[in-house]
Amino acid sequence: MNALNNLFNQPRLGVILLRWTLAILMIFHGWAKVTGGVSGIEGMLAGKGLPGVLAYGVYIGELVAPLLLLAGVWVVPAALIIAINMAVAVGLAHMGHWFDITNTGGWRLELQAFFFMTALVVAFTNRLGPNKG
C-alpha cells in the first residue's frame with residue numbers, strides 16, 4: 001500500500017490536472033457563447049437593470065481566463081476571474097435553484113458549485129504548480 005501511496009503522492013501533478021480540467025471544461029461553455037452569442041445573458045442583465053454590454057465579460061471568464069490556466073500564466077487572477085464568473089452566473093440565472101434537486105438526485109447547482117470551488121482550489125494551490133517552491 002505504501003508503494004501505491006508513494007506513486008500517487010504527486011501534489012504538483014494533481015494541481016495541474018485540476019487546473020487543466022477546469023480550463024478545458026470552462027472553454028466548452030465559452031465556445032457555446034462564441035457560437036451562440038450572449039444575447040440571453042444580455043437579457044438577464046437588462047432584467048436586473050444592468051447594462052447588456054457586461055454580457056461580453058463572459059468571454060473573459062469562459063475563454064481568456066481558462067486559456068491562461070492552460071498556459072500556466074497569471075493562474076491566480078485567472079482562477080479568481082472564473083470564480084467570479086460563476087458567482088455572477090448563479091446570481092443572474094440560478095438564484096431560485098439553491099434548494100432544487102434534479103430527477104437523478106443531484107443538486108441543481110452542482111456544476112456551478114464545482115466550477116466555483118475548483119477555481120478557488122486552483123487559486124489557493126497555485127504554489128504547488130510546476131517549478132514552484
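Here the structure is a predicted model, which means the values were calculated and not measured. Heavy-atom basis, side chains included; hydrogens, waters and symmetry copies ignored.
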Shared hydrophobic cluster, [X] / [Y] (ILVMFWY, side-chain heavy atoms < 4.5 Å):
| X | Y | value |
| --- | --- | --- |
| Ile84 | Met44 | yes |
| Leu67 | Val34 | yes |
| Leu63 | Ile24 | yes |
| Trp20 | Leu18 | yes |
| Val73 | Leu17 | no |

| said: Walk me through whether Val90 and Phe116 qualify under side chain to side chain contact (heavy atoms under 4.5 Å, CB included). | reply: CA-CA 10 Å; Val90 168; Phe116 178 80; over 6 Å; no
Is there a side-chain contact between [X] and [Y] in this structure, where contact means two heavy atoms from C-beta onward sitting under 4.5 Å apart?
| X | Y | answer |
| --- | --- | --- |
| Val122 | Val15 | no |
| Leu111 | Leu25 | no |
| Ile27 | Leu70 | yes |
| Pro11 | Asn9 | yes |

[X] side, atom [atom1]; [Y] side, atom [atom2] - distance, nearest 0.5 Å:
| X | Y | atom1 | atom2 | result |
| --- | --- | --- | --- | --- |
| Phe99 | Leu109 | CZ | CG | 10.0 Å |
| Gln112 | Trp107 | CD | CH2 | 8.5 Å |
| Phe115 | Ile82 | CZ | CD1 | 9.0 Å |
| Ile81 | Met26 | CD1 | CE | 12.0 Å |
| Met86 | Met117 | CE | CE | 13.0 Å |
| Glu110 | His97 | CD | NE2 | 13.5 Å |

| Is there a donor-acceptor contact under 3.5 Å from the side chain of Arg108 to the main chain of Ile101? |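 Absent.
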| query | Would a distance-only check, ignoring hydrogens and angles, find a side-chain to backbone donor-acceptor pair under 3.5 Å from Tyr56 to Val38? | reply |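 Flag not set: sc Tyr56 to bb Val38 has no pair under 3.5 Å.
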| request: Take Val76 and Phe124, measure what side chain to side chain contact (heavy atoms under 4.5 Å, CB included) needs, and give me the verdict at the end. | output: CA-CA 8 Å; Val76 172; Phe124 282 121; over 6 Å; no
Testing the basics here: between [X] and [Y], what is the closest heavy-atom pair and its distance to 0.1 Å?
| X | Y | value |
| --- | --- | --- |
| Leu68 | Ala78 | CB-CB, 3.9 Å |
| Ala23 | Pro66 | CB-O, 3.3 Å |
| Ala83 | Ala119 | N-CB, 3.8 Å |
| Leu45 | Gly52 | CD1-O, 4.0 Å |

| query | Is Ile60 atom CD1 crowded by more than 12 heavy atoms from other residues, nucleotides or ligands, each under 6.0 Å away? | reply |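 It does not: Ile60 CD1 has 12 such atoms or fewer within range.
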| field | Stepwise side chain to side chain contact (heavy atoms under 4.5 Å, CB included) check, Leu54 with Val88 | value | CA-CA 11 Å; Leu54 293 176; Val88 170; over 6 Å; no
| message | Using side chain to side chain contact (heavy atoms under 4.5 Å, CB included), reason through Lys33 and Glu62 one step at a time and then give a plain yes or no. | response | CA-CA 9 Å; Lys33 308 310 185 295; Glu62 295 184 6; 2.9 Å; yes
